[in-house]
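A short worksheet on the structure shown next.
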Amino acid sequence: MPRLRHIVLSAFALLIAPCSTLRAQRAIECEQCADWNAPQRALRLHGDTYYVGTHGLGAILITSPQGHVLIDGGLPQSAPIVRANIESLGFRMRDVKLILNSHAHYDHAGGIAELQRASGARVMASEWSARVLKSGKSQPGDPQLTIAFGYPAVGNVRPFTFEDTLRVGPIAIVPHATPGHTPGGTAWSWRSCDGARCLDFVYADSETPVSADDFLFTKNTTYPNAIADFARGFATLEGLSCEVLVTPHPGVSSLWDRVSPVTGAIGATFVDRDACKRYAAGARRALEQRIARERGG
Ligand SMILES: [Zn+2]
């Protein structure tokens, strides 16, 4: 009987083997997940920079003849959409050489394990984010620790330091520490050229002071520097050369007012040299309100 069972199991393994490239990801079900994961066709933003995310969760592809860089992977269930978007542009997954992340919450990092598997890309993250990505579970210091969903762990993550410029062929992309929403939050900047016309892009991290009910920004033991970290990040964003701002939730930086999600037509406000400054100012106000609420109540 054991031998027969072995044969049956082997035959079954052979039957399912061709499907292994379509490995299904267990979907995370959250209140906003379906809206966030609404399909969005891939769009060329400028030069070698493309939007390949879902309608509500950003993912950016920067391309070169020597390989591509992908920032963020959405939810676990976003990975097939991001992959299809990359391929719809005529690019191959195996040419994605480097995958990066804004912050290691499930809605921006949940799809990275699958996208790494499909591409073989190197994944690099800030030290704190690397710990989360490797475990698939948030870590102490996260204001949302007790409410953050787990997601597929990423097998091979290398930490970078904020002094590094990361490179793939001619692509040079710079990480900027903008912690606060999580201790590992990272903004990314790069220059994208279309012929002689070059633009400074910033993919800024989420800057919202969101937490679980059991966490106070003004008084906690797990992330006592949260408020100072936010302040440092706001100053960093204000100091960047920032001509085009994109954010992990594209609506937060009004991407769909600046680029048609249907035709990809670029609007007059696509380039906005004050966008990062305004983004930081809005986040600073939201943090001040949160601090006032914590102190008042
Ligand atoms: Zn988050």
Side-chain angles (χ1 to χ4, degrees), residues 27-37 53-60 70-79 82 99-113 115 123 125-154 157 175-188 202-217 220 222-223 225-227 229-230 232-234 236-237 245-253 255 279-280 282-284 286-287 289-290:
I28 289 175
E29 287 173 31
C30 72
E31 209 178 305
Q32 291 168 288
C33 282
D35 284 347
W36 285 341
N37 208 45
T54 66
H55 191 68
L57 296 171
I60 296 291
L70 175 67
I71 316 174
D72 278 353
L75 294 156
Q77 59 264 43
S78 308
V82 173
I99 299 178
L100 305 171
N101 175 234
S102 54
H103 70 273
H105 281 155
Y106 63 98
D107 45 345
H108 310 291
I112 289 179
L115 291 163
V123 174
S126 67
E127 214 176 297
W128 188 88
S129 296
R131 285 204 296 278
V132 180
L133 290 170
K134 278 192 229 171
S135 64
K137 280 196 220 79
S138 206
Q139 299 287 312
D142 184 354
Q144 299 183 52
L145 180 65
T146 54
I147 53 170
F149 290 90
Y151 53 83
V154 183
V157 187
H176 306 276
T178 55
H181 182 81
T182 68
T186 305
W188 295 98
V202 173
Y203 186 77
D205 193 16
S206 300
E207 295 293 333
T208 47
V210 179
S211 76
D213 288 345
D214 59 3
F215 182 95
L216 294 177
F217 285 91
N220 69 79
T222 55
Y223 190 13
N225 297 330
I227 291 173
D229 273 6
F230 263 126
R232 188 159 59 94
F234 300 155
T236 297
L237 288 172
L245 171 66
V246 187
T247 46
H249 293 278
V252 170
S253 49
L255 184 67
Y279 183 62
R284 190 179 281 117
L287 180 63
Q289 286 165 3
R290 168 75 196 234

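Order of listing sets the numbers, starting from 1, for every ligand and every atom in it. Please read these numbers as outputs of a predicted model, since none were measured by experiment.
In summary, the side chains of T186 and D205 do not present any donor paired with an acceptor at a separation below 3.5 Å, with no hydrogens or angles considered. Defined by atom type and a distance below 3.5 Å, a donor-acceptor pair is missing between the side-chain atoms of D35 and H55.
When all heavy atoms of L70 and L115 are compared, the closest pair comes out as CD2-CD1, 4.0 Å.
Of all protein N/O/S atoms, those lying under 2.8 Å from the Zn ion (ligand 1) come to 3.
Looking only at side-chain heavy atoms (C-beta outward), E207 and L237 come within less than 4.5 Å of each other. Side chains of D72 and L57 form no contact here, defined as non-hydrogen atoms less than 4.5 Å apart.
Rounded to the nearest 0.5 Å, atoms CH2 (W188) and OG (S102) are 10.0 Å apart.
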